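A short write-up of the structure that comes next.
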2 protein chains.
Amino acid sequence: MATRVARTRLRLRKIPRQQRSAHMVETIVEAAARILETRGLAGFNTNAVAERAGVSIGSLYQYFPSKEALIAALSDRERKRLVAGIAETYRQAAAPDLVSALRPLVRAAIRQQLARPALARALDFEEQRLVLNEADRRTTQDIAGVVMALLGRHRRQVAVHDLEEAALDLIAIARALIDGAASRGHVEPAGLESRIMRAVLGYLTGRANVAA
Amino acid sequence: MATRVARTRLRLRKIPRQQRSAHMVETIVEAAARILETRGLAGFNTNAVAERAGVSIGSLYQYFPSKEALIAALSDRERKRLVAGIAETYRQAAAPDLVSALRPLVRAAIRQQLARPALARALDFEEQRLVLNEADRRTTQDIAGVVMALLGRHRRQVAVHDLEEAALDLIAIARALIDGAASRGHVEPAGLESRIMRAVLGYLTGRANVAA
DNA sequence: CAGTAATGCGAGTAATTACTCGCAATGGCT
DNA sequence: AGCCATTGCGAGTAATTACTCGCATTACTG
């Protein structure tokens with residue numbers, strides 16, 4: 001008994017040593033993403049991820065010290081994509097006014113989050129449960145930073161004082177509406193964009209003190 | 001070994017049989033709430049709840065067939081409170097116009113959710129993970145129903161067509177902003193109310209199609 | 001081809017935890 | 001007081017799962 005029968009091992013011959021590590025990491029992270037979006041957080045365990053990746057648990061733990069670290073890596077990857085998309089969009093836009101500056105950002109956020117809606121939702125979800133690591137916190141701050149920069153540029157059209165609070169609120173609004181739409185299966189970017197824009201502009205420019 | 005030493009048992013003498021069951025249920029649900037808000041979802045387990053309630057695990061399982069059932073009961077209780085507060089507020093308000101109809105609802109929601117912020121957040125959170133039971137689904141629908149009724153009454157001031165979608169979106173916005181404020185510890189109802197009102201009114205009345 | 005460091009493997013371990021079941025205490029009854 | 005149905009108890013069980021460790025395989029070096 002307990003005869004160690006080597007089953008189908010990884011075929012690594014093709015990949016030179018130097019690139020192996022990066023390849024393994026990417027394979028495992030992508031497997032984690034797939035498990036998370038198909039089985040949800042409840043069905044997410046390291047053994048399942050390893051199996052999906054076609055890798056042993058031992059190997060998984062060679063690259064990630066813990067389950068949390070794996071989730072953090074995945075979260076970081078997805079967040080970096082979002083940040084990249086948003087930052088790039090912001091840089092390109094000429095941004096003559098508030099509305100035309102905001103719209104592309106909203107559109108970029110929608111496109112990114114709806115590309116893999118279940119994954120985005122699961123992560124949005126997980127990120128508050130998890131005590132975020134430094135890397136995650138940095139990228140979150142990056143998104144808020146871009147929004148703050150935008151608000152700062154159009155200060156005159158904006159009726160809020162606390163720009164950081166506003167940035168965080170706007171991000172929360174966009175997330176909530178995108179996640180909600182995704183959960184209902186209403187994946188119609190145009191309508192969604194319009195709804196988010198209305199809420200966001202109302203937040204920034206509205207006067208809610210209108211008495212009864 | 002294994003001598004069954006009865007430790008401090010429940011002192012029930014005071015409570016007549018008929019009321020016992022309800023008392024136990026309430027005690028356990030409240031203990032569940034406290035565990036959830038102090039240790040979070042990760043630290044929430046039935047043994048901890050039983051201990052906190054001063055009740056044995058056996059007793060817990062006498063009243064709740066499963067952990068999920070317990071969470072569902074808690075979720076249901078909190079949600080019913082929210083619905084009650086909102087429905088009552090809606091009934092009382094004369095509601096001459098959209099703004100003065102919406103504001104009390106927003107205020108009621110804020111008050112309810114900030115009464116026990118950690119609990120509200122944990123539940124908001126848990127409710128999407130959980131496949132909601134019929135009771136929960138009904139109460140969710142109840143909140144949306146009140147909002148839809150309100151929107152219907154003020155149709156002329158509202159620029160949206162799909163009232164159900166709008167109701168769900170508005171609830172999501174309010175939740176996101178309240179939960180976000182709670183997580184940051186910014187518990188200042190007045191400012192929060194204003195921010196939510198601006199976003200909500202923007203959503204309902206704004207024209208986001210303003211070209212660049 | 002032989003030697004060997006690096007790498008992958010996966011059975012096993014320890015910890016957690018939802019849940020059961022047989023027994024003990026209780027208190028309402030006569 | 002004595003009976004006994006009801007109710008509470010909590011040690012134990014089974015399942016899950018994060019993670020380890022010693023070994024097998026690989027592929028680079030000469």
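Just so we're on the same page: letters track the sequence lines, and every chain starts at 1. Hydrogens, waters and symmetry mates play no part in the numbers below; they use all other heavy atoms, side chains included. Nothing here was measured: the structure is a model prediction, and the numbers come from that model.
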Which nucleotide wins on minimum distance to the side chain of B:Arg20, given the candidates D:dC19, C:dC9, D:dT7?
D:dT7

Looking across every strand, which nucleic acid part, if any, lies under 4.0 Å from A:Phe64 by heavy atom: base, sugar-phosphate, or nothing?
nothing

Begin with the C-alpha distance, continue with both residues' side-chain angles, and end with the deciding distance and a verdict on salt bridge (Lys or Arg N to Asp or Glu O under 4.0 Å) for A:Arg184 and B:Glu164.
CA-CA 12 Å; A:Arg184 278 176 252 142; B:Glu164 185 178 3; over 6 Å; no

Side chain to side chain contact (heavy atoms under 4.5 Å, CB included), paired with A:Phe64, selected from A:Ile71, A:Val49, A:Thr46, A:Leu70:
A:Leu70

With DNA chain D as reference, determine whether A:Phe44 or A:Gly58 sits nearer its 5' end, using the nearest nucleotide of each.
A:Phe44

Tell me the interatomic distance from A:His23, atom NE2, to D:dA27, atom C1', rounded to whole angstroms.
17 Å

N or O in side chain of A:Thr46 less than 4.0 angstrom from D:dT17 OP1/OP2:
no

Which whole-number value in Å describes the distance from B:Tyr61 OH to D:dT7 C1'?
18 Å

Write down the distance between CD (A:Glu51) and P (D:dT17), rounded to a whole number of angstrom.
13 Å

Is A:Glu30 close to A:Arg52 at the side-chain level, that is, under 4.5 Å between some pair of heavy atoms?
no

What is the distance from CD1 of B:Ile28 to C1' of D:dG8, rounded to the nearest Å?
11 Å

A:Asn45 CG to D:dT17 C1': how many Å, rounded?
7 Å

Considering only heavy side-chain atoms of B:Ile57, the closest of D:dC9, C:dT7, C:dC19 is C:dC19

For B:Lys67 and D:dT16, what is the distance between atoms NZ and P respectively, to the nearest whole Å?
15 Å

Closest to the side chain of B:Gln62, out of D:dT7, C:dA18, C:dG8, is D:dT7

B:Leu60 CG - C:dC19 P separation (whole Å)
10 Å

Looking at the side chain of B:Asn47, which of C:dG8, C:dA18, D:dT20 is the nearest nucleotide?
C:dA18

Atom OH of B:Tyr63 and atom P of C:dC19: how far apart are they, to the nearest Å?
18 Å

Shortest side-chain distance from B:Ser56, nucleotide among D:dC9, C:dG8, C:dC19
D:dC9

Looking at D:dC19, C:dA18, D:dT17, which one has an atom nearest to any side-chain atom of A:Ser66?
D:dC19

Please determine whether a side-chain nitrogen or oxygen atom of A:Ser59 lies at a distance below 4.0 Å from atom OP1 or OP2 of C:dC9.
yes

Report yes if some heavy atom in the side chain of B:Gln113 is under 4.5 Å from a heavy atom in the side chain of B:Asp124; otherwise report no.
yes

Which atom of B:Glu37 lies closest to which atom of B:Leu119, heavy atoms considered
OE1-CB, 3.5 Å

